[in-house]
Amino acid sequence: MVLLQQMGILFVYMMIGYVACKKEYFDQEFGKKLSWLVVNVANPMLAISAVVNNEEQIAKKDFYVTVLLAICFYAFFLILAQILPRLIGVQKSDIGVYKMMTTFNNIGFMGFPVIAAAYGNGALIYAVPFSIMFNILCYTWGIQTLCGGGEKGNWKRIINIGTISGIISIVLFFMQIPVPKMICSLSAGLSNLTGPLSMLVIGISIAAMELKDLFTDVKLLKFALIKLLAVPVAAMLLVCQVIDNRLICEVFLVMMATPAASMCAMLSQQYGGDYELAAKGVALTTILSVVTMPIVSEIVF
């Protein structure tokens, strides 16, 4: 019920962005500027705020369990990315984009805000390993996949504000470094912008598309239902048999059930992938996830 309520709130934020754009109060350029603010300021502060404003003590062994889960998470999706596009009959020219959408979930724009809202900022420390691995794989394997293996990923891109903030949060967590009260308040305030602004950005991007085109692409619909329902349910039923920490399981569920990452569309545009297909995939899975995430939670828990 908590997850359903939070997804409902995020959906309202998304619709505000969508309607405001349709009414021409916002435009795509404004969406890009908001996106910069989320990516470079608000979202990185979520990971740091999770540590400096968390009064609860998190056992280090639980954090190690989460790191192991993050490794298994991406190993699973990298394997699934080789199978799923062919299983639903994707044509060869689109396989790279489908592999990206299969592997990378929107853990930054949607995962972090949902976890913070539903389970508290303290739970975000368990999401940091997923974010760091996302950045490493996205800018290496992801770019090579979109380019058909013809271009090497840019390792310099791995050193970005998202990775740096994740590393800082881990250092603060393990070293227990005292942080000034002003920094704690600042990080909390900025991190609270992530949920509303990220969903406004998604709503603005969806406004540039015809909604009917999203729901008439049969292959994309099959992909979305497998990614958002079948895969998370199967994975969670397995993980819940192995992990007895409810909070870790809930964080993992959000990581598994979030829609395709917006980075799939951004990198497709930059590296010659089918940008329109990637944007449609991100939009469709985002809209459906408002319903599918609570359904997965109810099935599993």
Side-chain angles (χ1 to χ4, degrees), residues 1-8 10-11 14 65-85 87-88 90 98-119 123-124 126-131 133-134 137-138 198-199 202 214 219-264 281-301:
M1 183 60 70
V2 174
L3 187 57
L4 177 61
Q5 291 174 349
Q6 294 306 321
M7 290 304 296
L10 292 178
F11 180 75
M14 184 169 65
V65 169
T66 310
V67 172
L68 180 60
L69 277 177
I71 294 172
C72 294
F73 175 92
Y74 281 107
F76 168 76
F77 275 119
L78 286 171
I79 294 171
L80 184 65
Q82 307 303 317
I83 302 170
L84 183 55
L87 184 66
I88 60 177
V90 173
Y98 270 91
K99 283 183 177 180
M100 282 285 288
M101 293 192 298
T102 301
T103 305
F104 298 110
N105 291 359
N106 210 354
I107 61 177
F109 270 25
M110 281 197 72
F112 274 45
V114 168
I115 290 170
Y119 309 118
L124 287 171
Y126 295 126
V128 169
F130 294 90
S131 178
M133 292 190 67
F134 175 99
L137 286 171
C138 195
S198 63
M199 298 310 294
I202 292 173
L214 298 181
K219 290 179 183 177
L220 203 55
L221 279 170
K222 287 180 181 178
F223 166 80
L225 292 176
I226 292 172
K227 179 178 177 61
L228 297 176
L229 283 176
V231 171
V233 169
M236 287 307 303
L237 290 176
L238 175 62
V239 167
C240 288
Q241 297 297 316
V242 179
I243 307 297
D244 59 2
N245 185 308
R246 175 65 180 258
L247 181 57
I248 292 178
C249 289
E250 288 174 337
V251 169
F252 187 73
L253 180 146
V254 175
M255 296 292 98
M256 286 292 303
T258 44
S262 53
M263 283 297 291
C264 297
V282 172
L284 178 62
T285 55
T286 299
I287 293 171
L288 293 178
S289 69
V290 175
V291 176
T292 58
M293 287 181 71
I295 289 175
V296 173
S297 179
E298 285 299 313
I299 293 174
V300 174
F301 296 118

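Start at 1 with the first residue, then count along the sequence. Both backbone and side-chain heavy atoms feed into the values below; hydrogens, waters and symmetry mates do not.
- Rounded to the nearest 0.5 angstrom, Met255 CE and Met110 CE are separated by 10.5 Å.
- With values rounded to the nearest 0.5 angstrom, Ser289 atom OG is found 8.0 Å from Ile202 atom CD1.
- In summary, the aromatic rings of Phe130 and Phe134 are positioned with their centroids too far apart to meet the 6.0 Å limit.
- Distance check, rounded to the nearest 0.5 Å: OG1 of Thr292 to CG of Leu225 gives 8.5 Å.
- Of all the heavy atoms in Ile115 and Ala127, the pair that sits closest is CD1-CB, 3.9 Å.
- Rounding to the nearest 0.5 angstrom, the gap separating the OH atom in Tyr119 from the CZ atom in Arg246 is 7.5 Å.
- Tested against Leu214 for a side-chain contact (heavy atoms from CB on, under 4.5 Å), the candidates Ile287, Leu220, Thr285 yield a single pass: Ile287.
- Not a single donor-acceptor pair under 3.5 Å links the side chain of Tyr74 to the backbone N or O of Phe104.
- The line from CD1 of Ile295 to CG of Leu228 is 10.0 Å long, rounded to the nearest 0.5 Å.
- The one candidate from Thr102, Ile79, Thr103 that meets the side-chain contact (heavy atoms from CB on, under 4.5 Å) condition with Leu84 is Thr102.
- With values rounded to the nearest 0.5 angstrom, Asn245 atom CG is found 8.0 Å from Ile243 atom CD1.
- Nearest heavy atom pair, residue Val282 against residue Ala261, reads CG2-O, 3.3 Å.
- Here the closest heavy-atom approach between residue Leu237 and residue Gln241 is recorded as O-CG, 3.1 Å.
- Across all non-hydrogen atoms, the minimal contact from Gly281 to Met101 is CA-SD, 3.6 Å.
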